[in-house]
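What follows is one structure encoded as C-alpha cells, with my remarks underneath.
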Amino acid sequence: ASSKESINDSNTVEITNVSYDPTREFYESYNNEFNTYWKEKTGQEVIVTQSHGGSGKQARSVVEGNEADVVTLALAHDITLIEEAGLINEGWINEFKENSAPYTSTIVFLVRKGNPENIKDWNDLVRDGVEVITPNPKSSGGARWNFLSAWAYADNLYNGDENKIKQFVSKLYKNVIVLDSGARGATTTFVENGQGDVLIGWENEAYLSVKEHPEEFEIISPSISVLAEPSVAVVDEVAEKNNTTEVANEYIKYLYSDKAQRLAGENYYRPSNKTILQEFENVFDLNINMIKIEDFGGWSKANKDFFEDEAIFDQIYSQ
Amino acid sequence: MKININKRQKTMIKKRVIPGFGISIGITITFLTLIVLIPISSIAIYVSGISLNEFIEIITDKQVVSGYKVSFFCALIAALINAIFGTILAWVLVRYEFIGKRVLDGLIELPFALPTAVAGITLTSLYSDKGWIGSIFAEAGIQIAYTKIGIIIAMIFIGIPFVVRSIQPVLEKMDTQYEEAATMLGANGHRIFFKVILPEIFPAMLTGFGLALARGIGEYGSVVFIAGNMPYKTQIAPLLIMTKLEQFKYADATAIALVMLVASFIILLLINMIQSYVNKITNN
Amino acid sequence: MYVELKNINKLFGNFKASDNVNFEIEKGKLIGLLGPSGSGKTTILRMIAGLETPDSGDIFVDGIRINDTPPSKRGIGFVFQNYALFRYMSVFDNIAFGLQVQKQNKNYIKERVLELIKLIGLEGMEHRYPSQLSGGQRQRVAFARALAPSPHLLLLDEPFAAIDAKVRQELRSWLREMIEKVGVTSIFVTHDQEEAIEVADEIIITNRGKVEQKGTPIEIYKKPATPFVAQFIGQSTVYENNEDKIQLKGFEMIKSNEKAVIRPEFVQITKLGKLKHYMSAAEEGIVEKISFRGSYLEVNVKVKNIILTSNRSLEDEMIEVGEIVNVQIYRLYVFNENKTYLLENSAMADNNYIYI
Amino acid sequence: MYVELKNINKLFGNFKASDNVNFEIEKGKLIGLLGPSGSGKTTILRMIAGLETPDSGDIFVDGIRINDTPPSKRGIGFVFQNYALFRYMSVFDNIAFGLQVQKQNKNYIKERVLELIKLIGLEGMEHRYPSQLSGGQRQRVAFARALAPSPHLLLLDEPFAAIDAKVRQELRSWLREMIEKVGVTSIFVTHDQEEAIEVADEIIITNRGKVEQKGTPIEIYKKPATPFVAQFIGQSTVYENNEDKIQLKGFEMIKSNEKAVIRPEFVQITKLGKLKHYMSAAEEGIVEKISFRGSYLEVNVKVKNIILTSNRSLEDEMIEVGEIVNVQIYRLYVFNENKTYLLENSAMADNNYIYI
Amino acid sequence: MKNNATKNILISISILFITIMLVIPLIAVIIYSLQDGIEAYKIAIFDKYTIKALQLTLLATVSAVVINTFFGIFAAWIITKFSFRGKHFLTTLIDIPFAISPVIAGLIYILVFGRTGWAYDFLQAYDIKIVFAVPGIILATIFVTFPFVSREIIPVLNAQGKDEEEAAALMGASGFKIFTKITLPHIKWALLYGIILCTARAMGEFGAVSVLSGHLRGKTNTLPLHIEMLYNEFQLSSAFAVSSILVIMAVIILILRTIVEYKGKKAGE
Ligand SMILES: Nc1ncnc2c1ncn2[C@@H]1O[C@H](COP(=O)(O)OP(=O)(O)OP(=O)(O)O)[C@@H](O)[C@H]1O
Ligand SMILES: Nc1ncnc2c1ncn2[C@@H]1O[C@H](COP(=O)(O)OP(=O)(O)OP(=O)(O)O)[C@@H](O)[C@H]1O
Ligand SMILES: [Mg+2]
Ligand SMILES: [Mg+2]
C-alpha cells in the first residue's frame, strides 16, 4: 500500500497495532518508549498507528483485511480466529513468553461508595434485589470472562453439580438489569447513568472509573476470578508483506521489558513479570484465586459449551 | 427479428426531443450499479452459500425472531408517534406564525447531523432514571431507558425529520379552498381535519411513516445504548447481526440482514403501491 | 330585501379591495357580480360567506346581521372557482358531506343525495371520484354539494371559468334553469360580461372595489350609469371627439371634451342607394373588413376616419371589402368624466336628449 | 403544397390518436385545427414539430420529407399551450434564446429581439420576467420567441386557452394581424369553434384521430361534409325525425332514419300576420323564452313540439314570451350515418336538393 | 376564538415535542462537553487526532456531496424528463439506501472488497485498498447519503414539467445549455437544500463507516468514530467535546438551510 512506502526509507518505519478498547493510554506511553528504544538500536524512527475498538470486532476487521502488523487483543481466542484465517502462523501463543500475554487482568466488582448492598463475593450477586450490570457475553469478549468467573465460583460451591451451577448462574443473570453490548457500554450504564448496584467488569476499567470518580465507587475483589490473558501476536502475513517482521517482533518482545511492564502496571494491567507485579502489591489484590481458560478446556471448547447459539448462555435466557 | 429490434431502438432514441438521455441513463445506471447494486447483491451471494434449510433455521431462531419483533414493534410505534407529531409539527410550521418558528423549523434535521452514537449516549443519559428527563418519569414509576420505551424514544428521535419533511411541502401547496369548502358546508375544525385535510396529506404522511419505519427497523447506533439489550425483551435485530458478526458467522448475519432488507423493501413497495392507488383516485 | 350590504369596507394592507360597498338583493333572484379582474368581486362574495371579515359595515341576510355569525352557521352554500371538490371522496360522499355534518338521518341523506344527483343528471356516476369526471360534471357536483344542506343563499365564484368554451355555453343555461327550479337566492361572480348578461336576473358591476351600477342586463346595456359601465359592457367603438373635430351627421352637439361609444347594433349598413328612410342622416363609408362570426358577419366600415363595427345577417345581401356603403348611426352614448347620456341621431328624430 | 401529411398513423398503446391523417396546407395560410378534446389535435401538431414520431406515414414540408429530421433542425416555431416561457430569463433573453443557440452575431440578436419586442408591443418590458407579465403579454412573448429564429412554419397549441375571455378577444385579432404581417405559414390548435372561425383562413376538423373536413370557415359552416361537422359547428337544434313523425311544412321528404340540424339563422320569426312572402311556408309557433345575448336577443320558439332557436335584432319590433308568431324555416341540414345534405324549404323554392 | 385555542395548543405541543426530543439532547451535549472545564475542552478539540479525524470527515463529506450531487442531477434528469420502461423500478432502487440499516450498508462493502470478499483478489493484484482505508469510508458515506440530492430535486422538476426544455430543444439548444440555462435556475434552491442535507447526514454517519473503517487512528477514524473511541476510553467529556464540533457544524448547516429555504421561497414567488 502506498501508505507504507516509508518502509523503503530506512529512517522511518511504520507499523499498525490493532488493539482493543481501553489500552489507548498504555500504548500511547509504550509507543514512545519503544520509539526511543528502537531509534537507539537501529537509528530508525518508528511510527505506530493505533487502532482501538471492541476486541472481537478488531479481530474481525483484521480478518477482513485491516492490515495490522501486530495485534494486541483482549482474548487469545480473538487471535486464534486470525490464525484460523491464515494470517498468523500456527503456534503464535508460544512465540512469546507467558503465553504471549505480557500483562494480565482479572474480573472484579465495582460497587457504589460504602458498598450499600454489602457485596463481598459472587453469592451476593444472586441475592434478590441486587441489580447487576454486565455486558452480553455473546457480543462482548470480556463479558465471557464475567460469565466464566461466576461459573467457576458456582462450580467450586456446588462441587460440579451442573444443574445447581446453572441455577446459580441463571439467578445471577436474572438480576442483570441491563445487558449492554460491550464492556464500555456497561460501565457507562453503571457509572454515568447510575443503573444497578454492582458492575462486573475488568479490573483495569474499574480502576479507571474509581480514578475518575474517587468519591463514588469502590472495587471489590471476589474470592474466585479469572486470569485473563490479553494476548499479542505479530500478524505474519501482513508483516511480511510490509517488510516489518523484524520491528513487529521487537515491538512485542519489548513489551516484556521492565520499563514496559511497569508501564502496564501503571495503567492497571497486571504485569506478567512476577517481580514487577509485586511492586504493585498495594494496587492489586494478589490473593484472588484465579482460574485460567485452560480450566474450561480452552476458548474453543468454552465458546462451544457456553456461548454458541443454543448453548448454555442462550438456554439461561430461553427458560 | 434482430434487425427489427434494432430499428425499434433507433426510433426510440430518435423520439426523445430533450437531449442527454444516453449520457444520463449511463451515468445513473453506472453509479447505481457500482455504489448500490453490486454491494447489495453480495448479500444475496453470501446467503446463496447456505442451504434453504439452514437459512430458514437461522431466520426462525427464537432469539432472531424476537429481535425482529422488538425492532419492528418499536419502529412501528415510533413511526406512528412520529406520524402524529410530525403531522402536528408540519401543520404548525406551515399554518401558524409565531416567534421562534424559524428556529423550530431549523432544528428538524438535527437528528440527521448528530452522529447516531452521540445521540444514543446522550438520550440514554437523559432518559435513564437518574437523567434530567428520566428522573421525572421515574417518580411516576415509569422507566424509559433500557426498556422498549427507550428504544422507541431513540427511534422517534431519528425518524422525526422524515415525517415532517414529507408532509410540509404538501401542506404548503394544499389549496385552502378545501377547508373553506368544508367550512361552508358547516363542518367543524375536527371534521375538516379528519375528513378533508387528512386524506390530502395522507400519501405524504405515509411516505414519511414508511421512511421512518424503515430507518427505525435498521437503526443500530442510537438504539443500542438505550436498549437494555436483554434477549427476548429489548434486543434489536441489528444488534443480533453485530453479534453474529462477532462470532464470524457471516452467513447468519447476512441472512438476518437479508430478511430486514426484504422487509424494508416491502414497506417501501407497499407505500409505493398505496400511493399509486391514491394517485389513481386523484389524477385519473 | 333578502341580502343587504351596508357601507362595507375592506382593506388588504393599503389596498382597498372593497370601498364602501352597498347593495341589496331580492329573495329568489340570481345576481351576477361582474367586473374586471381585481375589482373586488371575490372579496365581496367571501365576506358574505364569512370567509373574510369586513373592516367596517354590516351584512344582513333575511333581516339578521350576520357579521358575527361563523361561516359554518350562516346557512350559505358556496361554489368555488376550482370547485374544491374533495378529491378523496366519491361524488356521493361529496354531496352528502354537508348533510352528514348536520347529522341527518342516513336514509334521508341517501334520498336527498340521489335526488340531487338526479337533478344534476349524473345518475350512475355517484361512485366516481372527481378526477374521473369532466370539467362540466365536476361543476355540477360542486353545485349539488353546495345545495345539499338546502342553503338560503348560494354563492358561486366564477363557476364557469375552468370549463371549455363549448361546455360553458351549455352549463350556463343549465345553471340558470337549476337555480330557477330550486328557487334559491344566488350570487355569482364572473368577469365575462357575456356570461353575466346571459345568466343573471340582475347584474352588479364592480370596479376598483366600488359598485358602479346595479340593474337588469338590458338596463345596464341600454342605460349605462357611469362611463366605466358604458365602456365595459358591450362591444363598442369608442370615438373621441378631440381637436381634429370629426362631426358625424346628426351628432354635431357632442362637446369636445366628451367621448362617444358606438355599439354595433347602433350602426346599420345598407348597400349604396338602397336606403329607404332618413337618407339625410346616412353617412357613406368604405368596407374595411368582413369577418365571419359564426352565425353572422361582423363588418368594419370606415366613416370619416372612424372605424365603426356593425353586425350583418348571413341572410342579407352580400357586401364586399372595399365597397362603398350607406351607414346609419341610430344613436350613441356620450360621456365625460362623470356622466353618461344616450344621444339619438338628431337627423332621424326630434327629441334627442334622454338623460338617465 | 407547403405542408403535407400523408397517411399518418399514431398509436398510444392501443389508442389511435391519429388515424390515417391526410391533409395539405398552402404556403402563407393560417390554419385552424379544430376538434373536441382528445381528438388528436395536439398529437398532429407535435408530430409535425418532431416532438412525437408517427408510427407510419410521411410528413413533408416544402417538398422535403422531414420524418427523420431532428426537431431542432426542422426550422419550425412552436408556441406551447402554457407558453413554456423560460421562467428565469427576462423577456429579452427568452426571445433571444433561439438566436443565441444559432450562435448569431450579438448585434444582430439585439436588433432582431428589439424589433420583435416592438412588433408585439412590449417596448420597455424587455427586462421583465415572465412572472411579471399578464397572461396576454406572456402569450405575445411566447409568440415572439417562436418567431425569432425566422421559422418557415409556426405551430401554436391552443394559444388562447389560458387567457381571460375579454383579453382573448383582443388577442385573436392581434395574432391574426401579426401572422399576416410576418407572412409565416401557421397552424393553430383550438377546441373553440368560435375561435377557429374567427381566426383561421382554413379549418381542419378532427374527430377521434381522423380528419373530418377541411375548408374555409364559411365553407365548413355552410357545407358541413359529415354529420359530425354539421353538429359540431354552429349552434343548432337537432331534430330527429322518428316514429312520431312531425312534418315541418316544406320538409315532408325527410326520411324517418334521418336527422335534421336547424341553425338559428335558418329560422325567421315574424309577428303574427305581418309576413309578406311565402305565407304558405310559414308555421305558427309560440315564444317560449327570450334571452338577451349582448347585442341581440335569442328567441326560443316552439313549433309542433320542436324547440327552435332564432336570433333577433334589438332593433326589431319587440315580441314577448307566450306570443304566437310566424316562423319560417328557410332550410336545414339533413343527415344519416354517412351523408349530409342541405335541404331548402320546398314551399319557398322549386329546386330544393343541393347535394354537397 | 376557539381556533386560537387550537392554535395555541398545537404550537405548545410542537414546541414541547421539539424541546424534549431535540433541544434538550442538544443542550446536554454542550453541557457534558464542558463539564471538565474549558481547558479540557480546548485540549480535546485541538488534539492532533481530532483534527485528523475532522479532516477525514470533511473529505468524506465533500466527496459524498460532490458525487451524490453529480449523480443526483443526472438521475433526476432522466427520471423527470424522459419516459422509459423500468422508471419506477429505477426510482425505487435509488431510494434503497434510505431503507438499509447502516450496519448492513457497511457490511456489504466488506463482503465485496474485504479480504474474504469476491473482489479482493482483483484489488490485491492492483494493490488497491478500499475497505479499512479512506476509499471505503468515502464509499460508505456516499452510500448512506445516496438519494438525498436526487430526492430533493425530483419533485421540483416533476412539478415544473418539461415544456420549457422541449421548447429549448426545439430551438436546437444542446443538453448542456438546456440544463444550465433553463433547468438549473429552477432547481437551484432544491439542489442547495439537498446538498446541505447530504452534508449534514454525511458528517454524522457512524454505523456504516464504523464497520469498514478499522479505526486506524489518524488514518481512517472519522469524527464520529473518534468520538466513539474517546468514549470507549473513558474520556467521556472529551467525547462530548468532540461531538460538540459536529453539533456546531450541524447548527451552522441548519442555519444555512433555513436561509436557503427562505431565499428559495422568496425566489419562487
Ligand atoms: N388575501 C389577500 N391579501 C392581499 N390582497 C388581496 C387578498 N385577496 C385579494 N386581494 C387583492 O384585492 C383585490 C381584489 O381581489 P378579488 O379577489 O376580490 O378580485 P376579483 O374581482 O375576484 O378578481 P378576479 O377576477 O381576478 O378573481 C385584488 O387586487 C387582490 O390582489
Ligand atoms: N403520450 C401519450 N400517451 C398516451 N396517450 C396519449 C399521449 N398523448 C396523447 N394521448 C392520447 O391521445 C389522444 C389525443 O390526444 P391529443 O392531446 O392529441 O388530443 P387533443 O385533441 O389535443 O385534446 P385537447 O383538446 O384535450 O388538448 C387523447 O385521448 C390522449 O389521451
Ligand atoms: Mg375572483
Ligand atoms: Mg391538446
Side-chain angles (χ1 to χ4, degrees), chain B residues 16-21 24-25 27-28 31-32 35-36 38-40 42-43 46 85 88-89 91-92 96 98 102 104-107 109-110 112-119 121-123 125-126 132-133 156-157 160 189 211 214 218-221 238 241-242 253 257 260-261 264-265 268 272, chain E residues 6-7 10-11 13-14 17-18 20-22 24-26 28-29 71 74-75 77-78 81-82 92-104 107-109 111-112 142-143 146 162 165-166 169 174-175 197 200-201 203-204 206-207 224 227-228 231 243 246-247 250 253-255 257-258:
Chain B
R16 310 188 192 283
V17 179
I18 300 174
F21 181 78
S24 302
I25 195 102
I27 287 174
T28 305
F31 272 64
L32 202 59
I35 292 172
V36 178
I38 293 183
I40 283 187
S42 61
I43 288 190
Y46 246 88
F85 280 97
I88 295 176
L89 272 170
W91 178 265
V92 165
Y96 301 138
F98 55 95
R102 296 278 278 288
L104 212 63
D105 199 9
L107 278 170
E109 269 100 3
L110 185 73
F112 277 160
L114 210 57
T116 49
V118 174
I121 297 164
T122 313
L123 287 176
S125 76
L126 285 175
W132 298 350
I133 302 173
I156 292 175
F157 178 82
I160 192 70
L211 290 175
E219 183 56 21
Y220 175 73
I241 297 181
M242 288 306 256
M260 293 178 57
L261 214 129
S264 300
F265 207 82
L268 285 187
N272 275 342
Chain E
T6 323
K7 173 180 161 175
L10 290 181
I11 292 179
I13 290 177
S14 302
F17 183 82
I18 294 272
I20 292 177
M21 291 311 303
L22 302 179
I24 292 184
L26 193 70
V29 171
F71 165 81
F74 279 100
W77 181 262
I78 200 85
K81 300 296 172 201
F82 301 97
T92 319
L93 282 184
I94 292 174
D95 274 350
I96 283 189
F98 260 148
I100 285 193
S101 170
V103 175
I104 302 177
L107 176 64
I108 57 180
Y109 286 102
L111 296 182
V112 177
I142 294 173
F143 183 91
F146 196 61
K162 48 189 178 189
E165 279 82 3
E166 270 185 2
S174 66
L197 271 191
R201 182 77 175 80
M203 256 174 28
F206 169 74
I227 292 166
E228 191 209 18
Y231 167 80
S243 304
L246 280 174
V247 167
I253 283 173
L254 296 183
I255 290 171
R257 184 197 78 84
T258 315

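Order of the sequence lines fixes the chain letters, A, B, ..., with proteins taken first and strands second; residue numbering starts at 1 for each chain. This structure is a prediction, so every number in the text was calculated from the model and none was measured.
- Using a 4.5 Å cut-off between heavy atoms, B:Phe157 contacts chain E through both its backbone and its side chain.
- Using a 4.5 Å cut-off on side-chain heavy atoms (C-beta onward), B:Ile18 and E:Trp77 make contact.
- In this structure the side chain of B:Ile35 reaches within 4.5 angstrom of the side chain of E:Tyr109, judged on heavy atoms.
- Looking at B:Ile133, only its side chain comes within 4.5 Å of chain E, counting heavy atoms on both sides.
- Residue B:Ile88 touches chain E through both its backbone and its side chain, counting heavy-atom pairs closer than 4.5 Å.
- If you measure heavy-atom distances from B:Ile38 to chain E, the contacts under 4.5 Å come from both the backbone and the side chain.
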Stepwise side chain to side chain contact (heavy atoms under 4.5 Å, CB included) test for E:Ile142 and B:Phe31
CA-CA 11 Å; E:Ile142 294 173; B:Phe31 272 64; over 6 Å; no
Derivation and outcome, side chain to side chain contact (heavy atoms under 4.5 Å, CB included), residues E:Met21 and B:Ile156
CA-CA 8 Å; E:Met21 291 311 303; B:Ile156 292 175; 3.9 Å; yes
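- Between E:Phe17 and B:Phe85, the ring-plane angle classifies as parallel under the 30° and 60° cut-offs.
- Of the two parts of E:Pro97, only the side chain, counted from C-beta on, holds a non-hydrogen atom closer than 4.5 Å to a non-hydrogen atom of chain B.
- For E:Ile100, the part lying under 4.5 angstrom from a heavy atom of chain B is the side chain only.
- Contacts of E:Leu22 with chain B are made by both backbone and side-chain atoms, with heavy-atom separations under 4.5 Å.
- In this structure, chain B has heavy atoms under 4.5 Å from both the backbone and the side chain of E:Leu10.
- Of the listed residues (E:Leu93, E:Ile108, E:Ile104), just one forms a side-chain contact (heavy atoms from CB on, under 4.5 Å) with B:Ile40, and that residue is E:Ile108.
- For chain B, the nearby parts of E:Glu166 are the backbone and the side chain; heavy atoms of each come within less than 4.5 Å.
- Between chain E and the options B:Gly106, B:Gly221, B:Ala253, the largest number of non-hydrogen pairs under 4.5 Å is found for B:Gly106.
- Both the backbone and the side chain of E:Ile24 have a heavy atom closer than 4.5 Å to some heavy atom of chain B.
- For B:Leu107, the parts sitting under 4.5 Å from any heavy atom of chain E are the backbone and the side chain alike.
- When heavy atoms are compared at a cutoff of 4.5 Å, B:Leu261 approaches chain E solely by way of its side chain, counted from C-beta outward.
- Of the two parts of E:Phe146, only the side chain, counted from C-beta on, holds a non-hydrogen atom closer than 4.5 Å to a non-hydrogen atom of chain B.
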